[in-house]
Visitor: 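So that we are looking at the same thing, I have put the structure below in structure tokens.
If you read the sequence from its start, that first residue is 1, and numbering goes on from there.
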Amino acid sequence: MSKPVRVRFAPSPTGPLHIGGVRTALFNYLFAKKHNGTFILRIEDTDQNRYVANAEQYIVDALNWSNIPFDEGPQINEKFGPYRQSERKDIYKKYADELIQNDKAYYAFDSVEELDAQRNKYQENKKTFIYNHHNRLELNNSLSLSAVEVQKRLNNSDKYVIRFKTPTDKVLQMQDMIRGDIKIYTNTLDDKILFKSDGMPTYHLANIVDDHLMEISHVIRGEEWLPSMALHILLYQSFGWSIPEFAHLPLILKPTGKGKLSKRDGDKLGFPVFPLEYKNQETGDVSCGYKENGYFADAFINMLAFLGWNPGTEQEIFSLKELVQAFDISKVVKSGAKFDVEKTKWFQHQYLVQKKDEALAKLFLLQEKDSRLKGNDKANDLDYVTKVVSLIKERATFVTDFWALSNFFFEAPIEYDVKAAKKNWKEGTNVLMSELISVISNIEDFDSKNIENTVKEWITSKEIGFGKVMQPFRLSLVGALKGPHLFDIVALIGKEETIARIETAMKKLG
């Protein structure tokens, strides 16, 4: 690329960061790293009425947990700072004034009541009120008023906004990196407000000025900003600035039905739509997050990457480094990407089984340290817990699944599956189990394979069905007909524990 790649993620601190926002940040990050560029975080807090105090820290924490930290931003390498728009307030008025001086913008003194009256008038005629070229000379602004009257109002500190003077009768040719050629007839656009009466710029002006001053080369953002693309390009042209390349990402759609994925969908179907748990400081409401629900950050990011992008190969599991290498923005699709709850769990499972057993064992112990493993001697043996994890992780999606899959490795069952017992513990089962105890007692090399061979040879010699022994055997050790390979369980819990559990089952079930 001819100039250094500089991209920005510019969220508003109005609440928790939706996974759609994280996906936007991720695609910006991947694009920047693919081209040896810079990924910037800018906080767009011009809307002070919706500002939430802890939202900015949440954004930073979410990006850090997702392993997509920013290169520049608040308190980080602030060479183009400050990176909060509220701290750049004095910058924007100068540029709004420049547009007025060059006849690219104008003062509008219309009151709320006057604008409401106009809307009602249009509504009565079944039309939509648009403030632009066809009526701007009839409204209360510096284009319709004399220069003397305008200056008088400014001197009197009358309330005003600054509106962009949209060019008329112009066909605007635009290029989007994902959507290709786009044409807009400027007469269909309204004269957007650039500067508000409270002395703050609107998103449109602040966004363009900041992107220019921060030397942003590519604007990669959500599809919801596509209608603003024409205005932003016109603003660049009005200032005589070079225009960055634009790319508008597809929406993330709800799993069922139509429309954009929302918190309500997550609440209804039982999945998170935020990366981290979020507590609303005003209401006390808590929204669940992927981290707290047990998802690994790398699985979460891998899942997000496939919402709207595809490498064009069969590969689905990508490390972050591999995603950077494979990412091509031309392979981002135009159409919305439907969120798939089960596919999200599939990614989590793939990452879980790939992780080292000892690392998972430590997570398991950390999670269980104050609950069911507390005081259990076997929980103090990391090697033992690691072996347990190696046997059950293929059946798990989350580390939180481990206890239900492995509790019998740590404590003998005190209850037995009623249906399984009724079906598999017959009149002669106690006799068979007593003989099995003798067989197990005489095994010296207590290795899973050796135990299996010895027990199966004994069953074969008795000329009985394997189920008559194996089912009650498993029931004795586990309490149900579940769990990993039976002889792996036997080898791990040991000879004495195995015999003790069979004897207990004989007493309770026989």
Visitor: When Tyr83 is tested against each of Arg42, Arg88, Glu72 for side chain to side chain donor-acceptor pair (under 3.5 Å), which residue passes?
Guide: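 By the side chain to side chain donor-acceptor pair (under 3.5 Å) criterion, Tyr83 pairs with just one of Arg42, Arg88, Glu72: Glu72.
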Visitor: For the CD1 atom of Ile68 and the CG atom of Asn64, what is their distance to the nearest 0.5 Å?
Guide: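 So the CD1 of Ile68 and the CG of Asn64 are separated by 9.5 Å.
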Visitor: Would you check if Arg8 and Asp210 make a side-chain contact, meaning some heavy-atom pair closer than 4.5 Å?
Guide: no
Visitor: Would you find more than 12 non-hydrogen atoms of other residues, nucleotides or ligands less than 6.0 Å from Lys345 atom NZ?
Guide: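 Atom NZ in Lys345 is not packed in, count stays at 12 or less.
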Visitor: Side chains of Ser476 and Trp425: does their closest heavy-atom pair fall under 4.5 Å?
Guide: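 Side chain of Ser476 against side chain of Trp425, heavy atoms only: contact under 4.5 Å found.
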Visitor: Do Asn207 and Val219 have side chains that approach each other closer than 4.5 Å (heavy atoms only, starting at C-beta)?
Guide: no
Visitor: Between CD1 of Ile437 and OG1 of Thr498, what distance do you get to the nearest 0.5 Å?
Guide: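 One finds 10.0 Å between CD1 of Ile437 and OG1 of Thr498.
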Visitor: Go through Ile440 and Phe473 one step at a time and tell me if the side-chain contact (heavy atoms from CB on, under 4.5 Å) criterion holds.
Guide: CA-CA 12 Å; Ile440 291 172; Phe473 191 9; 3.7 Å; yes
Visitor: Tell me, please, whether Phe296 has Lys355 positioned over its six-membered ring: NZ or CZ under 6.0 Å from the ring centre and within 45 degrees of its axis?
Guide: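 Cation-pi check for Lys355 and Phe296: passes.
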Visitor: So do the side chains of Ile502 and Ile499 get within less than 4.5 Å of each other, counting heavy atoms only?
Guide: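 No, every pair of side-chain atoms sits at 4.5 Å or beyond.
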Visitor: What's the verdict on side chain to side chain donor-acceptor pair (under 3.5 Å) for Asp265 and Ser262, showing C-alpha distance, side-chain angles and the deciding distance?
Guide: CA-CA 5 Å; Asp265 299 309; Ser262 69; 3.0 Å; yes
Visitor: Backbone N or O of Val389 within a donor-acceptor pair of the Asp357 side chain at under 3.5 Å?
Guide: no
Visitor: Taking atom NZ of Lys338 as the centre, does the number of heavy atoms from other residues, nucleotides or ligands within less than 6.0 Å exceed 12?
Guide: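 Enclosed.
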Visitor: Quick one: does any side-chain atom of Ser390 pair with a main-chain N or O of Lys387 as donor and acceptor, under 3.5 Å?
Guide: yes
Visitor: Are Thr24 and Phe9 packed together at the side-chain level, in the sense that at least one heavy-atom pair is separated by less than 4.5 angstrom?
Guide: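 Thr24 vs Phe9: side chains touch.
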Visitor: Side chains of Glu411 and Asn407: is there a donor and an acceptor less than 3.5 Å apart?
Guide: no
Visitor: With distance as the sole test, does Ser217 use its side chain to make a donor-acceptor pair with the main-chain N or O of Arg6 at under 3.5 Å?
Guide: yes
Visitor: Does Glu457 use its side chain to pair, donor to acceptor, with the backbone of Thr454 at less than 3.5 Å?
Guide: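 Between the backbone of Thr454 and the side chain of Glu457 there is no qualifying donor-acceptor contact (under 3.5 Å).
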Visitor: I'd like to know if the side chain of Lys260 and the backbone of Leu253 have a donor-acceptor N/O pair within less than 3.5 Å.
Guide: no
Visitor: Please test Glu277 against Lys291 for side-chain contact (heavy atoms from CB on, under 4.5 Å), starting from the C-alpha separation and ending with a verdict.
Guide: CA-CA 7 Å; Glu277 183 180 271; Lys291 177 186 177 183; over 6 Å; no
Visitor: If you count every heavy atom of other residues, nucleotides or ligands that lies below 6.0 Å from Lys508 atom NZ, does the total exceed 12?
Guide: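 For Lys508, atom NZ is crowded (more than 12 foreign heavy atoms under 6.0 Å).
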Visitor: Between Tyr295 (side chain) and Gln348 (backbone), is there a donor-acceptor pair under 3.5 Å?
Guide: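 No, Tyr295 side chain to Gln348 backbone: no donor-acceptor pair under 3.5 Å.
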Visitor: Does His349 use its side chain to pair, donor to acceptor, with the backbone of Ala396 at less than 3.5 Å?
Guide: yes
Visitor: Would you find a donor on one side and an acceptor on the other, under 3.5 Å apart, between the side chain of Asn424 and the backbone of Gln471?
Guide: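 Not a single qualifying donor-acceptor pair exists.
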Visitor: For Asp45 and Ser86, which I'm curious about, is there any donor-acceptor pair between the side chains at under 3.5 Å?
Guide: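 Looking only at side-chain atoms, Ser86 and Asp45 do form a donor-acceptor pair, the distance falling under 3.5 Å.
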Visitor: Side chains of Asp328 and Trp309: donor-acceptor distance under 3.5 Å anywhere?
Guide: no
Visitor: I'd like to know if the side chain of Gln315 and the backbone of Ile317 have a donor-acceptor N/O pair within less than 3.5 Å.
Guide: yes
Visitor: Start with the C-alpha distance between Phe27 and Leu304, add both sets of side-chain angles, then the distance that settles side-chain contact (heavy atoms from CB on, under 4.5 Å), and finish with yes or no.
Guide: CA-CA 9 Å; Phe27 283 17; Leu304 278 186; over 6 Å; no
Visitor: Would you confirm whether Lys33, through its side chain, and Phe39, through its main-chain N or O, come within 3.5 Å as a donor-acceptor pair?
Guide: no
Visitor: Side chains of Met303 and Leu307, heavy atoms from C-beta outward: is any pair under 4.5 Å?
Guide: yes
Visitor: Would you check, one step at a time, whether the test salt bridge (charged side-chain N to carboxylate O under 4.0 Å, His left out) holds for Lys3 with Glu215?
Guide: CA-CA 10 Å; Lys3 58 182 178 178; Glu215 299 179 5; over 6 Å; no
Visitor: Going by heavy atoms in the side chains, are Tyr290 and Phe271 under 4.5 Å from each other?
Guide: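 Yes, side chains in contact.
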Visitor: Do Asp401 and Phe364 have side chains that approach each other closer than 4.5 Å (heavy atoms only, starting at C-beta)?
Guide: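 Answer no - side chains too far apart.
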Visitor: Decide, yes or no, whether a salt bridge links Glu497 with Arg501 under the criterion of side-chain N to carboxylate O below 4.0 Å.
Guide: yes
